[in-house]
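In what follows, a structure is listed as structure tokens, so that the remarks can point back to it.
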Amino acid sequence: MAQHYFDSDPDAASRPSTADLVLPDLHLRLNTDRGVFSPDKVDLGTRVLLETVPAPPAGGRLLDLGCGYGPVALTMASRAPGATVLGVDVNSRAVGLARRNASDHGMDNVRFAVVSPEGEPVPEPDGEGAPAPLAGDLLGPFDALWSNPPIRVGKGVLHAMLRTWLGRLSPEGVAHLVVQRHLGSDSLQKWLDAEGLPAERVASRAGFRVLAVRRSGD
């Protein structure tokens, strides 16, 4: 399976489309394109996450790690209008779509940034849409983190990414990750525990696990 959605500048020819995000509390039609994750529909793992995760904090800083075209970040922004939401992704095409989707739906409490796999800001050309967050905004601390992480990129890249971003949680912050069982949710939970990031399975549906992850006490 090609992993062009994890490329910073996917070479797949553009073919704009839309996907509907339908939740009990939210219905959004989102712009999508080739070269991003799950362009034809909001994938099942993301839906499982959004249908089972607890309500986000009403205020503070919230993070969508691996935001794609924005279904998770926009849900956070809708459910916590008093919070500041940040979505990050390595894929510049996905981030551009996420910004467009936020604008189309009038959500002004969410920003998006292109980042490197190491969590560093990537310079972007000036263009339409809201300006990218400042580099310091990427450091958090974040009061909640929601993610459907890119499991298929390999353990080395995945583990480094999770170490970076989970380390940017606030002391009371909680991350919720959705992972397919047959792609290693149980082994990822064991790895997180071994890293001093206590993880608890809080939901299981349709072959997916939702893990709640906290920082251990310093």
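Note: hydrogens, waters and symmetry copies are ignored here, and every other heavy atom, side chains too, is used.
- Note on Arg79 versus Asp25: salt bridge recorded, some NZ/NE/NH1/NH2 to OD/OE distance being below 4.0 Å.
- Remark: side-chain polar atoms of Asp193 are paired, donor with acceptor, to backbone N or O of Ala199 under 3.5 angstrom.
- Around atom CZ of Arg163, more than 12 heavy atoms belonging to other residues, nucleotides or ligands sit under 6.0 Å away.
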Worksheet entry | CA sep, side-chain torsions, deciding dist, call: His176, Val202, side-chain contact (heavy atoms from CB on, under 4.5 Å) | CA-CA 9 Å; His176 285 85; Val202 294; 4.1 Å; yes
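- With a 4.5 Å cut-off on side-chain heavy atoms, Val88 and Trp165 count as touching.
- Asp20 has its side chain within reach of His27: a pair of non-hydrogen atoms, C-beta onward, lies under 4.5 Å apart.
- In this structure, Asp64 contributes its side chain and Ala73 its backbone to a donor-acceptor pair below 3.5 Å.
- Residues Arg214 and Leu197 fail the side-chain proximity criterion, which asks for heavy atoms closer than 4.5 Å.
- Closest of all the heavy-atom pairs between Ser187 and Gly184 is OG-O, 3.0 Å.
- The two residues Ala80 and Ala58 make their nearest non-hydrogen contact at CB-O, 4.2 Å.
- Contact annotation: the side chain of Met161 approaches that of Leu65 to within less than 4.5 Å [non-hydrogen atoms, C-beta and beyond].
- Evaluated for a side-chain contact (heavy atoms from CB on, under 4.5 Å) with Leu26, the options Leu74, Leu50, Thr75 yield exactly one hit, Thr75.
- Of the inter-residue distances, the one linking Thr18 atom OG1 with Leu30 atom CG reads 8.5 Å to the nearest 0.5 angstrom.
- With hydrogens and angles disregarded, no donor-acceptor distance shorter than 3.5 Å links the side chain of Asn31 to the backbone of Leu97.
- Side-chain contact between Leu177 and Leu145: present, with at least one pair of heavy atoms (C-beta onward) separated by less than 4.5 Å.
- Remark: Glu124 engages Arg99 in a salt bridge, criterion side-chain N to carboxylate O under 4.0 Å.
- Minimum heavy-atom separation, Pro141 to Arg61: O-CD, 3.5 Å.
- Rounding to the nearest 0.5 Å gives a distance of 13.5 Å between CZ of Phe112 and CZ of Arg100.
- Taking the side chain as every heavy atom from C-beta outward, Arg168 and Leu138 approach each other to under 4.5 Å.
- The OG atom of Ser185 lies 6.5 Å from the CZ atom of Arg201; values are rounded to the nearest 0.5 Å.
- No single ILVMFWY cluster, assembled from side-chain heavy atoms under 4.5 Å apart, contains both Leu139 and Leu162.
- At least one side-chain heavy atom of Val122 sits under 4.5 Å from a side-chain heavy atom of Ser116.
- In this structure, OG on Ser17 lies 8.5 Å from CG on Asp33, to the nearest 0.5 angstrom.
- One side chain, Ser204 or Arg209, offers a donor N or O that lies under 3.5 Å from an acceptor on the other.
- For Tyr69 (side chain) and Ser38 (main-chain N/O), a donor-acceptor pair under 3.5 Å exists by modelled atom type.
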Item to complete: Applying side-chain contact (heavy atoms from CB on, under 4.5 Å), run through Arg215 and Leu166 and close with a yes or a no.
Response: CA-CA 7 Å; Arg215 292 179 58 179; Leu166 293 173; 5.8 Å; no
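- The hydrophobic cluster containing Val210 does not contain Val174, counting ILVMFWY residues as joined when their side-chain heavy atoms lie under 4.5 angstrom apart, directly or transitively.
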Discussion item. Let's go through Arg111 and Thr84 carefully: what are the C-alpha distance in whole Å and the side-chain angles of both, what is the deciding distance for side-chain contact (heavy atoms from CB on, under 4.5 Å) to 0.1 Å, and is it a yes or a no?
Written reply: CA-CA 8 Å; Arg111 304 275 290 279; Thr84 299; 5.7 Å; no
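- Between Phe142 and Asp137, the shortest heavy-atom contact is CZ-O, 3.5 Å.
- The backbone N or O of Gly60 sits nowhere less than 3.5 Å from a side-chain atom of Asp143 that would complete a donor-acceptor pair.
- Side-chain atoms of Glu172 and Ser170 include no donor-acceptor pair closer than 3.5 Å.
- The CZ atom of Arg29 sits 12.0 Å away from the CG atom of Leu21 when rounded to the nearest 0.5 Å.
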Item to complete: Check the pair Trp146 / Leu49 against side-chain contact (heavy atoms from CB on, under 4.5 Å), numbers first and verdict last.
Response: CA-CA 8 Å; Trp146 294 359; Leu49 175 69; 4.3 Å; yes
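- With hydrogens and angles disregarded, a donor-acceptor distance shorter than 3.5 Å links the side chain of Thr52 to the backbone of Val48.
- His159 and Trp191 have parallel rings, their planes meeting at less than 30° on a 0 to 90° scale where 60° marks the start of perpendicular.
- The two atoms that bring Ala98 and Gly68 nearest to each other are CB-O, 3.7 Å, heavy atoms only.
- Placement of Leu183 and Leu188 within a single hydrophobic cluster is found when ILVMFWY residues are connected by side-chain heavy-atom separations under 4.5 Å, directly or transitively.
- Between Leu23 and Leu28 there is no side-chain heavy-atom pair separated by less than 4.5 Å.
- Here the shortest heavy-atom pairing between Phe37 and Asn148 reads CE2-ND2, 4.0 Å.
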